[in-house]
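First the structure, in the form of structure tokens, and then the observations on it.
Remember, predicted model here, so these are calculated numbers, not experimental data. So that the names make sense, note that chain A is the first sequence line, chain B the second, and so on, each numbered from 1.
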Number of protein chains: 2
Amino acid sequence: MKNLESTMLTFKGKAYPCCASLTMGLIGGKWKTAILFHLMNEKLRYNELRKLMPTVTERTLSLQLKALEEDGLVKRKVYTSKPPLKVEYSLTDFGKTLIPLIQSIANWGDFVVENYS
Amino acid sequence: MKNLESTMLTFKGKAYPCCASLTMGLIGGKWKTAILFHLMNEKLRYNELRKLMPTVTERTLSLQLKALEEDGLVKRKVYTSKPPLKVEYSLTDFGKTLIPLIQSIANWGDFVVENYS
DNA sequence: AATTATACTATTCTTTTTGATAGTTATTGC
DNA sequence: GCAATAACTATCAAAAAGAATAGTATAATT
């Protein structure tokens with residue numbers, strides 16, 4: 001019998017018990033998919049994201065963006081070097097591989113609202 | 001300008017800011033997709049699930065199963081009425097509508113392990 | 001000169017989620 | 001008769017996520 005670690009999947013230093021858990025480790029939580037959903041088709045600035053997600057607090061938005069950045073899904077680009085006047089968030093190439101999945105997640109949510117409520 | 005509630009989606013008494021959030025409200029968290037992934041192709045008993053997910057605690061497995069049941073995704077069938085000798089968990093018809101999505105989630109996890117680690 | 005906008009961070013607090021450990025009731029196999 | 005298995009529940013604790021509120025530095029706008 002193998003030990004547990006050998007059956008675990010790892011990514012960025014974290015271990016996950018199965019491939020589905022790994023995905024959820026990266027996009028799970030209350031806000032991450034919402035952010036990714038909004039970034040799917042366009043780059044957005046911090047305050048533009050806030051307006052699209054009026055119920056998230058600034059701190060939480062900030063933390064989630066940072067987490068997505070650390071996992072390599074989102075990139076943060078600062079314009080006008082010295083003071084950060086303009087910051088644009090967008091999907092990285094790696095993040096773009098998630099687009100079909102995010103779309104499916106959004107579609108299933110729509111489907112539920114239409115058919116089960 | 002509309003107020004916030006009017007733009008929210010609701011399901012089973014909970015409100016979500018967007019369709020992607022609604023989906024994640026139902027399948028998010030550390031263990032739910034793993035459970036759904038294992039139930040995708042077969043009915044499983046409590047202890048069978050435990051063996052497939054050796055790192056989850058009994059309490060957590062129990063709670064997550066109950067949450068999935070409450071959201072109507074998983075059904076719990078008890079055999080041999082009086083003492084609960086045999087309990088089988090399986091997807092409901094509603095839960096089965098998630099299969100393609102769960103599969104995509106698992107596939108993306110596999111893809112990440114193969115290409116980004 | 002005062003206000004507003006941008007993109008945050010800091011602090012504190014509450015809620016939710018998850019884990020660790022032990023205990024329960026009943027049944028089956030030896 | 002005794003240990004093992006099944007399917008949990010109970011209690012306590014820790015960690016993570018999220019909310020509320022306030023504050024900061026810079027620049028543009030009026």
Side-chain angles (χ1 to χ4, degrees), chain A residues 4 8 12-18 21 24-35 38-39 43-71 74-90, chain B residues 4 8 12-18 21 24-35 38-39 43-71 74-90:
Chain A
L4 286 182
M8 295 287 246
K12 299 250 176 189
K14 283 185 187 170
Y16 301 92
C18 85
S21 304
M24 296 310 283
L26 297 189
I27 68 168
K30 195 168 172 185
W31 298 108
K32 283 183 184 172
T33 47
I35 294 172
H38 289 304
L39 290 179
K43 300 177 193 293
L44 288 170
R45 299 176 63 178
Y46 181 83
N47 275 3
E48 291 174 327
L49 277 169
R50 283 197 61 204
K51 276 166 207 153
L52 290 169
M53 303 162 57
T55 54
V56 73
T57 62
E58 297 204 54
R59 175 190 139 90
T60 298
L61 178 56
S62 203
L63 287 175
Q64 300 303 306
L65 282 168
K66 212 165 279 175
L68 290 168
E69 210 189 330
E70 268 174 30
D71 284 333
V74 162
K75 64 169 170 266
R76 178 176 181 279
K77 186 163 184 189
V78 183
Y79 292 89
T80 68
S81 52
K82 276 169 273 174
L85 268 198
K86 183 175 174 183
V87 181
E88 264 186 1
Y89 293 93
S90 59
Chain B
L4 285 182
M8 297 285 247
K12 299 248 175 190
K14 283 185 188 169
Y16 303 92
C18 86
S21 303
M24 298 310 282
L26 297 189
I27 68 169
K30 195 168 172 182
W31 296 109
K32 282 183 184 173
T33 47
I35 294 172
H38 290 304
L39 290 179
K43 299 175 193 295
L44 289 170
R45 300 176 62 179
Y46 181 82
N47 275 4
E48 292 173 328
L49 276 168
R50 284 197 60 204
K51 276 164 207 154
L52 291 168
M53 304 163 57
T55 54
V56 72
T57 62
E58 298 203 56
R59 177 189 137 88
T60 298
L61 178 57
S62 204
L63 288 175
Q64 301 302 305
L65 282 168
K66 211 164 283 177
L68 290 168
E69 212 189 329
E70 268 174 31
D71 284 333
V74 162
K75 65 170 168 263
R76 179 176 180 278
K77 185 163 182 187
V78 183
Y79 292 89
T80 68
S81 51
K82 277 168 274 175
L85 271 196
K86 184 176 173 183
V87 181
E88 264 186 2
Y89 292 93
S90 59

> For B:K86 and C:dT27, is the shortest distance between a side-chain N/O and OP1 or OP2 below 4.0 Å?
Replying inline: no
>> Distance check needed: D:dA27 C1' versus A:Y46 OH, whole Å only.
In response: 18 Å
> How is A:L63 classified with respect to the nucleic acid when contacts are heavy atoms under 4.0 Å: base, sugar-phosphate, or nothing?
Replying inline: nothing
>> Using whole Å, what does the distance between atom P of nucleotide D:dA7 and atom CG of B:L52 come to?
In response: 13 Å
> Partners of B:E48 by salt bridge (Lys or Arg N to Asp or Glu O under 4.0 Å), sequence neighbours excluded?
Replying inline: none
> To the nearest 0.5 Å, how far apart are CD1 in A:I35 and CG in A:L65?
Replying inline: 4.5 Å
>> Judged by each residue's nearest nucleotide on DNA chain D, which is more toward the 5′ side, B:E58 or A:T60?
In response: B:E58
>> Applying side chain to side chain contact (heavy atoms under 4.5 Å, CB included) to A:Y89 and A:V74, what does each step give before you reach the verdict?
In response: CA-CA 7 Å; A:Y89 293 93; A:V74 162; 4.0 Å; yes
>> Students often get this wrong, so: under 4.0 angstrom with heavy atoms, is B:K32 touching a base, only sugar-phosphate, or nothing?
In response: nothing
> How many Å lie between NZ on A:K66 and P on C:dA7, as a whole number?
Replying inline: 14 Å
> Can you tell me how far C1' of D:dA6 sits from OH of B:Y89, to the nearest Å?
Replying inline: 11 Å
>> How long is the straight-line distance from CZ of B:R76 back to NZ of B:K43, given to the nearest 0.5 Å?
In response: 14.5 Å
>> Just N and O in the side chain of B:Y79: are any of them under 4.0 Å from OP1 or OP2 of D:dA6?
In response: no
> What is the distance, rounded to the nearest whole Å, between atom NZ of B:K14 and atom P of D:dG18?
Replying inline: 13 Å
> Roughly, in whole Å, what's the span from CD in B:E69 to C1' in D:dA7?
Replying inline: 13 Å
> At under 4.0 Å, does any side-chain N or O of A:S62 touch on OP1 or OP2 of C:dT9?
Replying inline: yes
> Between atom CG in A:L49 and atom P in C:dC8, what is the gap in whole Å?
Replying inline: 10 Å
>> Suppose we screen for side-chain hydrogen bond (donor to acceptor under 3.5 Å, both in side chains). Which residues come up paired with A:S62, at least two apart in sequence or across chains?
In response: none
Tabulate protein N/O versus nucleotide N/O from nucleotides 11-17 of chain D, keeping only pairs under 3.5 Å, one per line.
| unit_1 | atom_1 | unit_2 | atom_2 | d |
| --- | --- | --- | --- | --- |
| D:dT11 | O4 | B:R59 | NH1 | 3.4 |

>> Please report the interatomic distance CD(A:E58) to CG(A:L63), rounded to the nearest 0.5 Å.
In response: 12.0 Å
> In whole Å, what is the span from the CD atom of B:E48 to the C1' atom of D:dT5?
Replying inline: 13 Å
> Roughly how far, to the nearest 0.5 Å, is CE of A:M8 from OG of A:S21?
Replying inline: 8.5 Å
>> Check the phosphate of C:dC8 against A:R76, side-chain N and O only, distance under 4.0 Å to OP1 or OP2. Yes or no?
In response: yes
